[in-house]
Student: 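The structure that follows is given in the form of C-alpha coordinates.
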Amino acid sequence: MTDKPDTDGAAGRTWKPVLGLSDEPREPLSIPARAGTVFDQPEPEPLIELTVIIPARDEEQSLSACLESLVAQSEDIFHLGRDWELIVVDDHSIDGTAEIARRFPGVTALAAAKLEKGWTGKNNAIWTAARKARGRWILFTDADTIHEPGDLHRAIHEATRHKVGVLSYSPRQLVTGLAQRTLMPLVFSELALAYPPAKVSDPNQRVAAANGQFLLVEREAYRRLGGHPSVADRVLEDVELAFVAKRRKVGLRFRYAPDALSTRMYRTTSAMIDGWTKNLALLFNNTLATALWRVLDIVLLVGLPWLAIHLWNARFSPHSLEWLGAGWVLLLLWLRTLFRFYARVAKSNFPFVDCAISPLGLPLFAVLLYRSWFKHRVLKQVSWKGRNYPG
(Lines give C-alpha, C1' and ligand atoms only; values in the text may rest on other atoms or scores of the structure.)
Protein backbone atom coordinates (compact mmCIF):
# COMPACT_ATOMS: atom_id res chain seq x y z
CA MET A 1 0.00 0.00 0.00
CA THR A 2 1.14 3.45 -0.75
CA ASP A 3 2.26 5.76 2.00
CA LYS A 4 0.98 8.84 0.21
CA PRO A 5 -2.28 10.44 1.22
CA ASP A 6 -5.15 9.91 -1.20
CA THR A 7 -7.69 12.44 -2.31
CA ASP A 8 -11.32 11.39 -2.20
CA GLY A 9 -12.87 12.85 -5.31
CA ALA A 10 -16.40 12.53 -3.97
CA ALA A 11 -15.77 14.26 -0.70
CA GLY A 12 -12.88 16.49 -1.80
CA ARG A 13 -10.89 15.60 1.30
CA THR A 14 -7.32 14.42 1.73
CA TRP A 15 -7.23 11.01 3.35
CA LYS A 16 -4.54 9.74 5.66
CA PRO A 17 -4.50 6.47 7.61
CA VAL A 18 -6.45 6.93 10.83
CA LEU A 19 -3.49 5.62 12.80
CA GLY A 20 -0.89 7.77 11.11
CA LEU A 21 0.94 4.60 10.06
CA SER A 22 2.48 5.99 6.89
CA ASP A 23 5.95 5.03 8.11
CA GLU A 24 7.37 1.59 7.42
CA PRO A 25 6.49 -1.00 10.09
CA ARG A 26 9.09 -1.46 12.77
CA GLU A 27 8.57 -5.21 12.68
CA PRO A 28 9.11 -6.81 9.26
CA LEU A 29 6.21 -8.62 7.64
CA SER A 30 6.25 -12.34 8.26
CA ILE A 31 5.57 -13.13 4.60
CA PRO A 32 7.15 -11.75 1.41
CA ALA A 33 5.13 -9.50 -0.87
CA ARG A 34 3.82 -11.35 -3.91
CA ALA A 35 2.95 -9.97 -7.32
CA GLY A 36 -0.61 -8.72 -7.58
CA THR A 37 -1.26 -8.39 -3.86
CA VAL A 38 -2.23 -5.34 -1.83
CA PHE A 39 1.38 -5.09 -0.72
CA ASP A 40 2.90 -4.16 -4.07
CA GLN A 41 0.15 -3.43 -6.60
CA PRO A 42 -0.73 0.21 -7.43
CA GLU A 43 -3.33 1.66 -5.12
CA PRO A 44 -6.80 2.23 -6.59
CA GLU A 45 -7.48 5.85 -7.57
CA PRO A 46 -9.37 6.99 -5.70
CA LEU A 47 -9.90 4.74 -2.74
CA ILE A 48 -13.51 4.19 -1.71
CA GLU A 49 -14.65 4.22 1.90
CA LEU A 50 -15.25 0.54 2.59
CA THR A 51 -14.87 -2.97 1.21
CA VAL A 52 -17.04 -5.69 2.76
CA ILE A 53 -15.79 -9.25 2.21
CA ILE A 54 -17.90 -12.34 2.88
CA PRO A 55 -16.29 -15.77 2.49
CA ALA A 56 -19.02 -18.33 1.90
CA ARG A 57 -18.92 -22.12 1.66
CA ASP A 58 -22.26 -23.90 1.33
CA GLU A 59 -24.17 -20.99 2.88
CA GLU A 60 -27.35 -20.99 0.80
CA GLN A 61 -29.50 -21.09 3.95
CA SER A 62 -27.92 -17.97 5.44
CA LEU A 63 -26.48 -15.81 2.68
CA SER A 64 -29.67 -14.16 1.42
CA ALA A 65 -30.58 -12.66 4.79
CA CYS A 66 -27.01 -11.46 5.29
CA LEU A 67 -26.84 -9.75 1.90
CA GLU A 68 -30.28 -8.20 2.31
CA SER A 69 -29.18 -6.61 5.58
CA LEU A 70 -26.04 -5.23 3.96
CA VAL A 71 -27.39 -4.08 0.61
CA ALA A 72 -30.17 -2.22 2.44
CA GLN A 73 -27.50 0.11 3.86
CA SER A 74 -26.85 1.62 0.45
CA GLU A 75 -28.13 5.21 0.35
CA ASP A 76 -27.40 8.49 -1.41
CA ILE A 77 -24.51 9.44 0.86
CA PHE A 78 -23.23 5.87 1.14
CA HIS A 79 -23.97 4.29 -2.23
CA LEU A 80 -23.07 0.68 -2.92
CA GLY A 81 -20.72 0.58 -5.89
CA ARG A 82 -19.62 4.21 -5.53
CA ASP A 83 -18.72 4.69 -1.86
CA TRP A 84 -18.37 1.07 -0.82
CA GLU A 85 -18.25 -2.39 -2.32
CA LEU A 86 -19.58 -5.77 -1.26
CA ILE A 87 -17.70 -8.90 -2.32
CA VAL A 88 -18.88 -12.48 -1.78
CA VAL A 89 -16.24 -15.16 -2.28
CA ASP A 90 -17.63 -18.58 -3.09
CA ASP A 91 -15.32 -21.06 -1.39
CA HIS A 92 -15.94 -24.01 -3.74
CA SER A 93 -19.53 -24.49 -2.57
CA ILE A 94 -21.61 -27.42 -3.79
CA ASP A 95 -24.95 -25.71 -3.14
CA GLY A 96 -26.53 -22.51 -4.48
CA THR A 97 -24.28 -20.05 -2.65
CA ALA A 98 -22.75 -18.51 -5.80
CA GLU A 99 -26.13 -18.15 -7.52
CA ILE A 100 -27.57 -16.33 -4.51
CA ALA A 101 -24.66 -13.87 -4.48
CA ARG A 102 -25.08 -13.12 -8.18
CA ARG A 103 -28.75 -12.39 -7.64
CA PHE A 104 -28.09 -9.18 -5.70
CA PRO A 105 -27.43 -6.02 -7.74
CA GLY A 106 -24.22 -4.28 -6.77
CA VAL A 107 -22.70 -7.40 -5.17
CA THR A 108 -19.46 -8.70 -6.65
CA ALA A 109 -19.30 -12.51 -6.71
CA LEU A 110 -15.86 -14.11 -6.91
CA ALA A 111 -14.69 -17.69 -6.94
CA ALA A 112 -12.01 -18.50 -4.37
CA ALA A 113 -8.56 -19.18 -5.74
CA LYS A 114 -7.27 -22.73 -5.78
CA LEU A 115 -6.62 -23.88 -2.23
CA GLU A 116 -2.88 -24.29 -1.79
CA LYS A 117 -1.10 -26.27 0.90
CA GLY A 118 -0.63 -24.28 4.09
CA TRP A 119 -3.92 -22.37 3.78
CA THR A 120 -7.33 -22.89 5.34
CA GLY A 121 -10.27 -22.55 3.02
CA LYS A 122 -11.64 -19.45 4.73
CA ASN A 123 -8.32 -17.59 4.73
CA ASN A 124 -7.77 -18.46 1.10
CA ALA A 125 -11.23 -17.16 0.17
CA ILE A 126 -10.73 -13.94 2.13
CA TRP A 127 -7.33 -13.31 0.54
CA THR A 128 -8.82 -13.80 -2.93
CA ALA A 129 -10.99 -10.74 -2.29
CA ALA A 130 -8.63 -8.74 -0.06
CA ARG A 131 -6.11 -8.52 -2.91
CA LYS A 132 -8.75 -6.69 -4.94
CA ALA A 133 -10.17 -4.53 -2.14
CA ARG A 134 -10.51 -0.82 -2.94
CA GLY A 135 -11.68 0.35 0.49
CA ARG A 136 -9.91 2.50 3.04
CA TRP A 137 -11.52 0.15 5.52
CA ILE A 138 -11.99 -3.59 4.99
CA LEU A 139 -14.72 -5.47 6.82
CA PHE A 140 -14.54 -9.25 7.04
CA THR A 141 -17.90 -10.70 8.01
CA ASP A 142 -19.55 -14.11 7.87
CA ALA A 143 -22.45 -15.26 5.72
CA ASP A 144 -24.52 -16.23 8.78
CA THR A 145 -24.68 -12.67 10.14
CA ILE A 146 -27.55 -10.19 9.94
CA HIS A 147 -26.52 -6.55 10.15
CA GLU A 148 -28.53 -3.81 11.76
CA PRO A 149 -29.28 -0.70 9.68
CA GLY A 150 -26.34 1.72 9.64
CA ASP A 151 -23.89 -0.57 11.41
CA LEU A 152 -21.25 -0.18 8.69
CA HIS A 153 -21.03 3.59 8.98
CA ARG A 154 -21.23 3.51 12.76
CA ALA A 155 -18.41 0.97 12.99
CA ILE A 156 -16.09 3.15 10.89
CA HIS A 157 -16.89 6.15 13.07
CA GLU A 158 -16.30 4.09 16.23
CA ALA A 159 -12.91 2.86 15.04
CA THR A 160 -11.91 6.38 14.00
CA ARG A 161 -13.09 7.88 17.28
CA HIS A 162 -11.08 5.37 19.32
CA LYS A 163 -8.10 5.60 16.95
CA VAL A 164 -7.80 1.87 16.40
CA GLY A 165 -6.85 -0.01 13.28
CA VAL A 166 -8.86 -3.12 14.18
CA LEU A 167 -12.44 -3.12 15.46
CA SER A 168 -14.25 -6.38 16.15
CA TYR A 169 -17.77 -7.02 17.36
CA SER A 170 -19.19 -10.06 19.13
CA PRO A 171 -22.73 -10.38 17.70
CA ARG A 172 -25.95 -11.23 19.48
CA GLN A 173 -26.29 -15.00 19.19
CA LEU A 174 -29.49 -16.52 17.80
CA VAL A 175 -30.09 -20.04 19.06
CA THR A 176 -32.81 -22.68 18.61
CA GLY A 177 -33.43 -26.02 20.26
CA LEU A 178 -32.57 -27.22 23.75
CA ALA A 179 -28.98 -28.23 22.95
CA GLN A 180 -28.05 -24.78 21.62
CA ARG A 181 -29.96 -22.85 24.26
CA THR A 182 -28.24 -24.71 27.11
CA LEU A 183 -24.73 -25.04 25.66
CA MET A 184 -24.11 -21.67 24.00
CA PRO A 185 -24.45 -19.57 27.20
CA LEU A 186 -21.86 -21.80 28.86
CA VAL A 187 -19.38 -21.39 26.00
CA PHE A 188 -19.82 -17.64 25.75
CA SER A 189 -19.54 -17.12 29.49
CA GLU A 190 -16.18 -18.90 29.41
CA LEU A 191 -15.13 -16.72 26.47
CA ALA A 192 -16.15 -13.57 28.36
CA LEU A 193 -13.99 -14.64 31.30
CA ALA A 194 -11.00 -15.67 29.16
CA TYR A 195 -11.17 -12.60 26.89
CA PRO A 196 -12.69 -9.67 28.83
CA PRO A 197 -13.44 -6.94 26.24
CA ALA A 198 -11.99 -4.22 28.48
CA LYS A 199 -8.65 -6.04 28.70
CA VAL A 200 -8.68 -6.95 25.01
CA SER A 201 -9.17 -3.27 24.13
CA ASP A 202 -6.44 -2.12 26.52
CA PRO A 203 -3.13 -1.74 24.64
CA ASN A 204 -1.25 -2.35 27.90
CA GLN A 205 -2.79 -5.79 28.37
CA ARG A 206 -1.51 -8.88 26.56
CA VAL A 207 -4.98 -10.41 26.21
CA ALA A 208 -6.13 -10.34 22.58
CA ALA A 209 -9.26 -11.54 20.81
CA ALA A 210 -11.40 -10.79 17.80
CA ASN A 211 -14.48 -12.28 16.21
CA GLY A 212 -14.35 -13.08 12.50
CA GLN A 213 -18.08 -12.53 12.24
CA PHE A 214 -17.31 -8.80 12.29
CA LEU A 215 -13.70 -7.74 11.84
CA LEU A 216 -13.11 -4.21 10.56
CA VAL A 217 -9.52 -3.34 9.62
CA GLU A 218 -8.11 -0.05 8.40
CA ARG A 219 -6.27 -0.53 5.11
CA GLU A 220 -2.87 0.55 6.31
CA ALA A 221 -3.28 -1.47 9.50
CA TYR A 222 -4.08 -4.53 7.39
CA ARG A 223 -0.76 -4.06 5.63
CA ARG A 224 0.98 -3.78 9.00
CA LEU A 225 -0.61 -7.05 10.11
CA GLY A 226 0.68 -8.85 7.04
CA GLY A 227 -2.82 -9.54 5.74
CA HIS A 228 -4.30 -13.01 5.85
CA PRO A 229 -1.12 -14.64 4.48
CA SER A 230 0.37 -14.02 7.94
CA VAL A 231 -2.27 -16.37 9.41
CA ALA A 232 -2.81 -18.53 6.33
CA ASP A 233 -2.83 -21.88 8.12
CA ARG A 234 -4.65 -20.77 11.28
CA VAL A 235 -8.11 -22.17 11.97
CA LEU A 236 -8.87 -19.28 14.35
CA GLU A 237 -7.47 -16.57 12.09
CA ASP A 238 -9.46 -13.82 13.82
CA VAL A 239 -7.85 -14.40 17.22
CA GLU A 240 -4.41 -14.75 15.63
CA LEU A 241 -4.83 -11.43 13.81
CA ALA A 242 -5.83 -9.84 17.11
CA PHE A 243 -2.58 -11.00 18.72
CA VAL A 244 -0.62 -9.62 15.77
CA ALA A 245 -2.50 -6.33 16.15
CA LYS A 246 -1.46 -6.15 19.80
CA ARG A 247 2.17 -6.95 19.00
CA ARG A 248 2.39 -4.42 16.19
CA LYS A 249 0.48 -1.80 18.14
CA VAL A 250 -2.05 -0.91 15.45
CA GLY A 251 -4.83 -0.49 18.02
CA LEU A 252 -7.52 -3.07 18.82
CA ARG A 253 -11.06 -2.57 20.10
CA PHE A 254 -13.42 -5.45 20.88
CA ARG A 255 -16.91 -5.41 22.36
CA TYR A 256 -20.25 -7.17 22.52
CA ALA A 257 -22.41 -5.43 19.92
CA PRO A 258 -26.07 -6.50 19.80
CA ASP A 259 -26.75 -3.03 18.39
CA ALA A 260 -24.69 -3.86 15.29
CA LEU A 261 -25.47 -7.42 14.22
CA SER A 262 -26.73 -10.86 15.13
CA THR A 263 -25.79 -14.33 13.97
CA ARG A 264 -27.05 -17.88 13.92
CA MET A 265 -23.74 -19.72 14.13
CA TYR A 266 -25.17 -23.22 13.85
CA ARG A 267 -28.39 -24.45 12.30
CA THR A 268 -28.10 -28.04 13.53
CA THR A 269 -26.80 -29.72 16.66
CA SER A 270 -24.27 -31.73 14.64
CA ALA A 271 -22.87 -28.54 13.11
CA MET A 272 -22.59 -27.02 16.59
CA ILE A 273 -20.72 -30.07 17.87
CA ASP A 274 -18.30 -29.99 14.92
CA GLY A 275 -17.81 -26.24 15.24
CA TRP A 276 -16.96 -26.21 18.93
CA THR A 277 -14.82 -29.33 18.56
CA LYS A 278 -12.79 -27.33 16.07
CA ASN A 279 -12.57 -24.20 18.21
CA LEU A 280 -12.59 -24.91 21.95
CA ALA A 281 -9.05 -26.25 22.30
CA LEU A 282 -7.76 -23.23 20.36
CA LEU A 283 -9.72 -20.74 22.44
CA PHE A 284 -8.75 -22.11 25.87
CA ASN A 285 -5.21 -23.15 26.72
CA ASN A 286 -6.45 -25.21 29.68
CA THR A 287 -9.21 -27.10 27.84
CA LEU A 288 -8.88 -30.32 29.81
CA ALA A 289 -8.83 -28.50 33.14
CA THR A 290 -11.89 -26.50 32.08
CA ALA A 291 -13.66 -29.78 31.29
CA LEU A 292 -12.85 -31.11 34.76
CA TRP A 293 -14.18 -27.93 36.38
CA ARG A 294 -17.44 -28.31 34.48
CA VAL A 295 -17.69 -31.91 35.70
CA LEU A 296 -17.21 -30.56 39.23
CA ASP A 297 -20.06 -28.12 38.57
CA ILE A 298 -22.29 -31.08 37.75
CA VAL A 299 -21.24 -32.93 40.90
CA LEU A 300 -21.87 -29.93 43.15
CA LEU A 301 -25.12 -28.77 41.56
CA VAL A 302 -26.63 -32.25 41.63
CA GLY A 303 -24.82 -33.88 44.54
CA LEU A 304 -25.16 -31.22 47.26
CA PRO A 305 -28.98 -31.04 47.29
CA TRP A 306 -29.23 -34.84 46.98
CA LEU A 307 -26.94 -35.28 49.98
CA ALA A 308 -28.80 -32.60 51.96
CA ILE A 309 -32.12 -34.35 51.39
CA HIS A 310 -30.55 -37.67 52.35
CA LEU A 311 -29.35 -36.18 55.64
CA TRP A 312 -32.74 -34.62 56.38
CA ASN A 313 -34.35 -38.02 55.91
CA ALA A 314 -32.20 -39.29 58.79
CA ARG A 315 -34.07 -37.06 61.28
CA PHE A 316 -35.31 -40.03 63.36
CA SER A 317 -31.80 -41.38 64.00
CA PRO A 318 -30.08 -40.89 67.39
CA HIS A 319 -28.12 -38.00 65.90
CA SER A 320 -31.03 -36.48 63.98
CA LEU A 321 -30.31 -32.91 65.11
CA GLU A 322 -26.74 -33.10 63.91
CA TRP A 323 -27.83 -34.57 60.54
CA LEU A 324 -30.46 -31.88 60.18
CA GLY A 325 -27.88 -29.15 60.76
CA ALA A 326 -25.43 -30.75 58.31
CA GLY A 327 -28.18 -30.84 55.69
CA TRP A 328 -28.77 -27.10 56.05
CA VAL A 329 -25.02 -26.45 55.74
CA LEU A 330 -24.96 -28.43 52.50
CA LEU A 331 -27.98 -26.51 51.24
CA LEU A 332 -26.21 -23.21 51.91
CA LEU A 333 -23.14 -24.49 50.06
CA TRP A 334 -25.39 -25.47 47.15
CA LEU A 335 -26.99 -22.01 47.04
CA ARG A 336 -23.54 -20.41 47.04
CA THR A 337 -22.45 -22.71 44.20
CA LEU A 338 -25.64 -21.92 42.29
CA PHE A 339 -25.13 -18.18 42.74
CA ARG A 340 -21.53 -18.33 41.52
CA PHE A 341 -22.55 -20.48 38.55
CA TYR A 342 -25.26 -18.08 37.39
CA ALA A 343 -23.06 -15.05 38.03
CA ARG A 344 -20.59 -16.57 35.60
CA VAL A 345 -23.19 -17.57 33.00
CA ALA A 346 -24.75 -14.08 33.11
CA LYS A 347 -21.59 -12.78 31.44
CA SER A 348 -22.63 -14.64 28.28
CA ASN A 349 -25.18 -11.91 27.39
CA PHE A 350 -27.80 -14.57 26.63
CA PRO A 351 -31.48 -14.18 27.57
CA PHE A 352 -32.55 -14.96 31.13
CA VAL A 353 -34.34 -18.22 30.26
CA ASP A 354 -31.36 -19.57 28.31
CA CYS A 355 -29.06 -18.80 31.25
CA ALA A 356 -31.53 -20.35 33.68
CA ILE A 357 -31.60 -23.71 31.87
CA SER A 358 -27.87 -23.71 31.04
CA PRO A 359 -26.97 -26.27 33.77
CA LEU A 360 -28.59 -28.85 31.50
CA GLY A 361 -25.83 -28.17 28.98
CA LEU A 362 -22.96 -28.90 31.36
CA PRO A 363 -22.54 -32.59 30.37
CA LEU A 364 -22.38 -31.73 26.66
CA PHE A 365 -19.98 -28.85 27.35
CA ALA A 366 -17.62 -31.10 29.30
CA VAL A 367 -17.72 -33.72 26.55
CA LEU A 368 -17.01 -31.13 23.83
CA LEU A 369 -14.10 -29.67 25.77
CA TYR A 370 -12.57 -33.13 26.09
CA ARG A 371 -13.38 -33.98 22.45
CA SER A 372 -11.74 -30.80 21.20
CA TRP A 373 -8.67 -31.44 23.37
CA PHE A 374 -8.41 -35.02 22.09
CA LYS A 375 -8.78 -34.00 18.41
CA HIS A 376 -6.18 -31.24 18.66
CA ARG A 377 -3.66 -32.63 21.11
CA VAL A 378 -3.83 -36.39 20.46
CA LEU A 379 -5.15 -36.91 16.91
CA LYS A 380 -3.77 -33.52 15.83
CA GLN A 381 -6.46 -33.10 13.21
CA VAL A 382 -9.85 -31.40 13.03
CA SER A 383 -12.51 -31.35 10.33
CA TRP A 384 -14.71 -28.51 9.18
CA LYS A 385 -17.03 -28.28 6.17
CA GLY A 386 -15.54 -31.27 4.43
CA ARG A 387 -11.90 -30.32 4.94
CA ASN A 388 -9.29 -31.63 7.35
CA TYR A 389 -6.82 -29.33 9.08
CA PRO A 390 -3.89 -30.09 11.37
CA GLY A 391 -4.76 -29.64 15.02
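Position 1 is the first residue of the sequence, and the numbers go up from there.
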Student: Measure up the Tyr266 and Trp276 rings against each other and bin them: parallel (under 30°), tilted (30 to 60°), perpendicular (over 60°).
Tutor: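 Ring orientation, 0 to 90° scale: perpendicular.
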Student: Using modelled atom types only, decide if a donor and an acceptor are shared between the side chain of Asp151 and the backbone of Leu261 within a distance under 3.5 Å.
Tutor: no
Student: Looking at side-chain heavy atoms only, is the closest gap between Leu178 and Ile357 below 4.5 Å?
Tutor: yes
Student: Would you say the ring centroid of Phe78 lies under 6.0 angstrom from that of Trp84?
Tutor: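 Under 6.0 Å, so yes.
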Student: Between the side chains of Asp95 and Arg57, is the shortest nitrogen-to-carboxylate-oxygen separation below 4.0 Å, so that they form an ion pair?
Tutor: no
Student: When you check the side-chain N and O atoms of Thr141 and His147, is any donor under 3.5 Å from an acceptor?
Tutor: yes
Student: Could you walk me through whether Glu237 and Lys122 pass the salt bridge (Lys or Arg N to Asp or Glu O under 4.0 Å) test, one step at a time?
Tutor: CA-CA 9 Å; Glu237 82 294 333; Lys122 181 179 181 180; 3.3 Å; yes
Student: Evaluate the ring planes of Trp373 and Tyr370, with Trp represented by its six-membered ring, and classify them as parallel (under 30°), tilted (30 to 60°) or perpendicular (over 60°).
Tutor: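 Geometry flag for Tyr370 against Trp373: tilted rings.
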Student: Can you tell if the side chain of Leu139 reaches within under 4.5 Å of the side chain of Leu50, non-hydrogen atoms only?
Tutor: yes
Student: Nearest 0.5 Å please: distance from the CZ atom of Phe104 over to the CG atom of Leu80.
Tutor: 11.5 Å
Student: I'd like to know whether CZ of Arg264 has more than 12 heavy-atom contacts from other residues, nucleotides or ligands below 6.0 angstrom.
Tutor: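 Buried by this count: over 12 neighbours within 6.0 Å.
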Student: Minimum heavy-atom separation for Asn279 and Val235, please, with both atom names.
Tutor: OD1-CG1, 4.4 Å
Student: Any carboxylate oxygen within less than 4.0 angstrom of a Lys/Arg side-chain nitrogen, looking at Glu49 and Arg82?
Tutor: no
Student: When you check the side-chain N and O atoms of Ser62 and Arg267, is any donor under 3.5 Å from an acceptor?
Tutor: yes
Student: Is there a side chain to side chain contact (heavy atoms under 4.5 Å, CB included) between Leu304 and Leu330? Walk through the geometry before answering.
Tutor: CA-CA 6 Å; Leu304 287 176; Leu330 291 177; 3.9 Å; yes
Student: Working note: Ser168 + Asn211, criterion side-chain hydrogen bond (donor to acceptor under 3.5 Å, both in side chains); need CA distance, chi angles, decisive distance, verdict.
Tutor: CA-CA 6 Å; Ser168 185; Asn211 191 321; 5.7 Å; no
Student: Take Arg206 and Arg247 through the side chain to side chain contact (heavy atoms under 4.5 Å, CB included) test and state the conclusion after the steps.
Tutor: CA-CA 9 Å; Arg206 298 182 64 182; Arg247 289 198 301 269; over 6 Å; no
Student: Of all the heavy-atom pairs spanning Ala221 and Val250, show the shortest one and how long it is.
Tutor: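 Smallest heavy-atom distance, with atoms named: CB-CB, 4.2 Å.
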Student: Is any NZ, NE, NH1 or NH2 atom of the basic residue among Glu190 and Arg344 found under 4.0 Å from an Asp or Glu carboxylate oxygen of the other?
Tutor: yes
Student: Salt bridge check, Glu99 against Arg102: does any charged N sit closer than 4.0 Å to a carboxylate O?
Tutor: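 A salt bridge is present here (some side-chain N lies under 4.0 Å from a carboxylate O).
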Student: Report the C-alpha distance between Phe374 and Leu379 in whole Å, list the side-chain angles of each, state the deciding distance to 0.1 Å, and finish with yes or no for side chain to side chain contact (heavy atoms under 4.5 Å, CB included).
Tutor: CA-CA 6 Å; Phe374 187 80; Leu379 299 182; 3.7 Å; yes
Student: Work out which heavy atom in Arg134 is nearest to a heavy atom in Leu47; give both atom names and the distance.
Tutor: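 Scanning both residues, the minimum pair turns out to be O-CD2, 3.4 Å.
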Student: Give a yes-or-no answer on whether the side chains of Glu85 and Thr51 include a donor-acceptor pair shorter than 3.5 Å.
Tutor: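 Side-chain D/A pair, Glu85 to Thr51: present.
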Student: Go through the structure and list residues passing side-chain contact (heavy atoms from CB on, under 4.5 Å) with Ala192, not counting sequence neighbours.
Tutor: Lys347
Student: Quick check: does any side chain N or O of Asp90 sit under 3.5 Å from a backbone N or O of Ser93, one acting as donor and the other as acceptor?
Tutor: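 Yes, Asp90 side chain to Ser93 backbone: donor-acceptor pair under 3.5 Å.
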Student: Is the Phe188 ring parallel, tilted or perpendicular to the Phe350 ring (thresholds 30°, 60°)?
Tutor: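 Taking Phe350 first and then Phe188, their aromatic rings sit tilted (interplane angle of 30° to 60°).
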Student: For side chain to side chain contact (heavy atoms under 4.5 Å, CB included), just list the numbers for Leu186 and Leu362, CA-CA rounded to whole Å, side-chain angles, deciding distance to a tenth of an Å, and then say yes or no.
Tutor: CA-CA 8 Å; Leu186 298 175; Leu362 281 169; 4.0 Å; yes
Student: Do Arg161 and Glu158 sit within salt-bridge range, that is, some charged N less than 4.0 Å from a carboxylate O?
Tutor: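 Here Arg161 does not pair with Glu158 in a salt bridge, since their nearest N and O are not under 4.0 Å apart.
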Student: Regarding Lys246 and Asp202, does a basic nitrogen lie under 4.0 Å from an acidic carboxylate oxygen?
Tutor: no
Student: Are any side-chain N or O atoms of Ser262 and backbone N or O atoms of Gln173, one a donor and one an acceptor, separated by less than 3.5 Å?
Tutor: no
Student: Would you call Arg181 and Asp354 a salt bridge, taking side-chain N to carboxylate O under 4.0 Å as the test?
Tutor: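 Yes, this pair counts.
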